[in-house]
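Heads up: the structure comes next, in structure tokens.
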Protein chains: 4
Amino acid sequence: MDKNVGRPRDDAAGPALLSAARRLVTERGYQRVSVQNLLDEAGVGRQTLYRRWPSKAELVLDAFLDSAGRIPVVTDGPIGDVLGRFLTHLFTNLLEDGAALRSLMASAQEDPKFLENFRERFLLPRARIVKSLLEQAVERGELAEDFDVDTASDMIHGAFWYRMLLGEALDASFAKKLAATTLKTPE
Amino acid sequence: MDKNVGRPRDDAAGPALLSAARRLVTERGYQRVSVQNLLDEAGVGRQTLYRRWPSKAELVLDAFLDSAGRIPVVTDGPIGDVLGRFLTHLFTNLLEDGAALRSLMASAQEDPKFLENFRERFLLPRARIVKSLLEQAVERGELAEDFDVDTASDMIHGAFWYRMLLGEALDASFAKKLAATTLKTPE
Amino acid sequence: MDKNVGRPRDDAAGPALLSAARRLVTERGYQRVSVQNLLDEAGVGRQTLYRRWPSKAELVLDAFLDSAGRIPVVTDGPIGDVLGRFLTHLFTNLLEDGAALRSLMASAQEDPKFLENFRERFLLPRARIVKSLLEQAVERGELAEDFDVDTASDMIHGAFWYRMLLGEALDASFAKKLAATTLKTPE
Amino acid sequence: MDKNVGRPRDDAAGPALLSAARRLVTERGYQRVSVQNLLDEAGVGRQTLYRRWPSKAELVLDAFLDSAGRIPVVTDGPIGDVLGRFLTHLFTNLLEDGAALRSLMASAQEDPKFLENFRERFLLPRARIVKSLLEQAVERGELAEDFDVDTASDMIHGAFWYRMLLGEALDASFAKKLAATTLKTPE
DNA sequence: TGTTAAGCGAGACGGTACGTCGGGTCTTGAG
DNA sequence: CTCAAGACCCGACGTACCGTCTCGCTTAACA
């Protein structure tokens with residue numbers, strides 16, 4: 001297969017589109033950015049976008065998925081501190097893209113393929129980290145043997161998204177309360 | 001203000017549109033329902049819709065906000081049972097409108113006024129019920145004095161929405177796990 | 001101006017629209033043809049029409065202006081025969097588009113730019129032919145030196161339009177009477 | 001038949017509508033005046049219009065038909081003078097309503113019933129006057145026995161309408177030329 | 001004097017057309 | 001084979017207009 005025929009793809013076009021998507025969607029939200037806006041901002045032709053992504057939605061998704069910085073997971077210390085620290089980092093990190101993430105979650109509701117992508121590439125990886133932290137705590141005996149890790153994880157991420165989608169505050173103090181309420185063991 | 005002038009609005013038209021909106025959006029989702037579909041289903045002229053709502057979005061919002069059936073709140077028995085029962089009812093109730101609610105939450109992300117409406121008329125009323133159940137449990141000594149009712153409420157509703165938006169199962173068993181995890185007091 | 005950029009316009013789309021306009025407006029008249037009818041008949045997208053013409057009215061105008069077949073002008077013989085023959089041809093020719101021409105004349109009354117176009121591209125060319133025939137007859141001595149060519153031309157075309165707009169018969173016999181009355185020289 | 005029951009019609013409403021129609025259509029042309037404009041201008045309810053006229057078109061037609069002043073027909077003197085005088089009066093008279101008449105003729109093209117009305121009540125009465133003038137001239141021997149009165153009449157009125165619809169000048173000088181060309185008898 | 005029925009202004013009604021906009025596909029000539 | 005440019009089809013949107021319908025009020029003629 002001789003694929004090295006013809007003009008090579010412009011390596012700058014993809015990043016330019018991703019960056020345009022990040023910028024514009026952050027500013028205005030998903031719906032208020034048209035494909036034409038993205039092309040103009042990136043200085044790129046229409047087909048160049050559709051050669052790389054199957055739709056506007058997928059491009060914008062990629063724009064935020066791959067840009068989400070890695071969160072350092074430090075497992076030292078008691079589970080309360082570990083979880084609190086992780087959530088604080090996570091929230092800080094995500095809040096920058098808050099408006100865009102809300103748009104993405106919105107768009108995912110009208111497009112099953114998009115949702116699956118969003119789930120697999122964005123939501124589940126973050127969920128897995130929390131679950132693994134909780135599982136470690138169970139193993140170490142810091143949490144009860146029958147602690148429902150899956151449900152707890154859903155509650156933690158659910159609370160985050162719930163507040164974000166409602167436009168409410170997401171700060172370090174909420175991260176701490178979330179960790180505390182999750183792990184609460186009276187007496 | 002002399003408003004009883006001219007032909008009065010047809011009292012049947014609004015409800016017909018609301019009902020058409022409920023039916024069609026539940027079947028197909030917000031995006032796949034056009035204004036014309038709504039008009040045809042309701043047997044109503046175009047201007048009749050736009051005289052009552054400023055846009056298709058607002059109509060659909062109204063269609064679901066006020067239609068949500070009342071959930072019976074039975075406070076007898078231990079908080080675990082009460083909460084489990086309530087959540088089971090709530091989930092059953094909301095799941096009928098699942099597709100539509102996801103559409104609404106999505107639309108709310110692109111329109112602040114829409115979101116505020118959705119929050120005040122739909123989400124907060126349900127949150128208040130859960131909070132009041134938990135507060136009663138605290139007063140009765142079933143939950144610790146320092147139990148974080150607000151955060152727990154966010155976690156419960158958050159978990160629900162998180163799973164719904166992700167298209168995951170929402171059944172009685174999940175309602176029970178949610179209640180159990182919220183109230184967990186080891187040993 | 002670098003205009004050979006981008007996909008070139010489809011050369012078939014314009015003619016397809018013009019032909020659809022001719023066909024439908026001839027059948028039903030201007031008012032009873034919708035933009036959608038034209039698009040369907042031409043097998044063309046909405047924007048493709050509005051990229052070429054600013055409105056339905058302008059499209060229909062173009063459809064008839066340039067389509068009017070050429071009338072053979074035979075100048076042999078006495079002016080009476082020449083004029084009679086020409087008018088007979090002209091009437092036959094125009095009558096095919098009768099309904100449409102009436103629509104166009106009507107539309108021209110509500111839009112000065114449209115009227116100017118109609119005048120320059122349709123009415124005046126035909127008026128010039130008649131004037132030139134009459135002028136030749138004056139030169140040849142078949143008509144008096146002081147024959148008022150301009151007024152006679154207005155009367156001929158006026159009579160044609162007057163009867164057409166009133167929905168009256170326009171046949172060879174009227175063409176002959178018109179020629180005769182125009183040239184009448186008693187005794 | 002006791003029809004004198006109930007509130008009598010407001011005698012002022014009809015004239016108010018006619019006058020509003022005359023004013024607005026003269027200013028803006030038929031198409032650019034909406035029914036609502038007429039109602040507002042006349043200070044009248046919608047049903048009051050439709051109780052008196054079957055459509056906007058008929059109202060506007062009446063507004064101009066009945067307002068057309070009577071033209072004095074003086075038959076003294078040679079036919080050239082009589083016809084010239086009459087046409088001068090006619091033109092002067094009609095020119096005031098020029099814009100509106102053009103609109104009416106335009107509207108008549110899309111509505112056969114309207115056209116019939118316009119023909120019967122406006123165009124034919126004026127045509128009959130000219131025909132009768134010409135017929136008198138034939139009887140008096142001022143015109144040849146075989147003078148084609150019908151065709152001549154069509155040419156006179158046609159020339160008038162042709163120039164009016166084309167937005168060209170209609171003045172006393174044109175009226176004279178029209179009379180002269182119609183009656184021209186060389187040597 | 002009280003009843004009745006039609007007229008009134010106001011404005012909502014169903015229907016239909018318009019011109020704009022956005023998404024994803026297709027087609028040039030140039031590189 | 002990719003690029004920028006821009007046309008293409010499709011279909012939704014919200015506005016405007018027409019002629020009809022319906023409200024509560026007003027206005028006479030009849031009872």
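Throughout, protein chains are lettered first and strands after them, A, B, ... in sequence-line order, and every chain is numbered starting at 1.
- Closest-nucleotide positions on DNA chain E for B/D10 and C/V33 were compared, and the one nearer the 5' end corresponds to B/D10.
- For the pair D/L39 CG and E/dG11 C1', the interatomic distance rounds to 11 Å; values are reported in whole Å.
- When distances run from any side-chain atom of D/R9 to the nucleotides E/dG7, F/dC13, E/dA10, the shortest one goes to E/dG7.
- For B/R7, no side-chain nitrogen or oxygen approaches OP1 or OP2 of F/dC21 to under 4.0 Å.
- D/Q36 and D/D40 form a side-chain donor-acceptor contact under 3.5 Å, judged by distance and modelled atom types alone.
- One cannot find a donor-acceptor pair under 3.5 Å joining the base of F/dC8 and the side-chain atoms of C/Q47.
- Whole-Å rounding puts the D/R52 CZ to E/dG9 C1' distance at 12 Å.
- The side-chain heavy atoms of A/M105 and B/L166, taken from C-beta on, include a pair separated by under 4.5 Å.
- Under 3.5 Å, the side chains of C/R52 and C/T48 contain no donor-acceptor pair of N or O atoms.
- In this structure, D/L38 places its CG atom 12 Å from C1' of F/dC18, rounding to the nearest Å.
- Rounded to whole Å, the distance from CG on D/L49 to P on E/dG11 is 17 Å.
- At the phosphate of E/dG19, OP1 or OP2 sits under 4.0 Å from a side-chain N or O atom of C/Y50.
- In terms of phosphate contacts, A/R46 brings no side-chain nitrogen or oxygen within less than 4.0 Å of OP1 or OP2 of E/dG24.
- With DNA chain F read from its 5' end, the first of the two nearest nucleotides for C/G45 and B/Q36 is the one closest to C/G45.
- Along DNA chain E, the nucleotide nearest to D/G43 and the one nearest to B/A42 differ in position, and the one closer to the 5' end is contacted by D/G43.
- Two residues are said to be in side-chain contact when any heavy atoms from C-beta on lie closer than 4.5 Å; B/W53 and B/V60 fail this criterion.
- A/R32 comes within 4.0 angstrom of nothing in the nucleic acid, heavy atoms only.
- Each of D/S55 and A/V44 was matched to the nucleotide of DNA chain F holding its nearest heavy atom; the match closer to the 5' end belongs to A/V44.
- Listed pair A/T48 / F/dA4 meets the phosphate criterion, a side-chain N or O lying under 4.0 Å from OP1 or OP2.
- Following rounding to the nearest Å, D/N37 (CG) and F/dA16 (C1') show an atom-to-atom distance of 11 Å.
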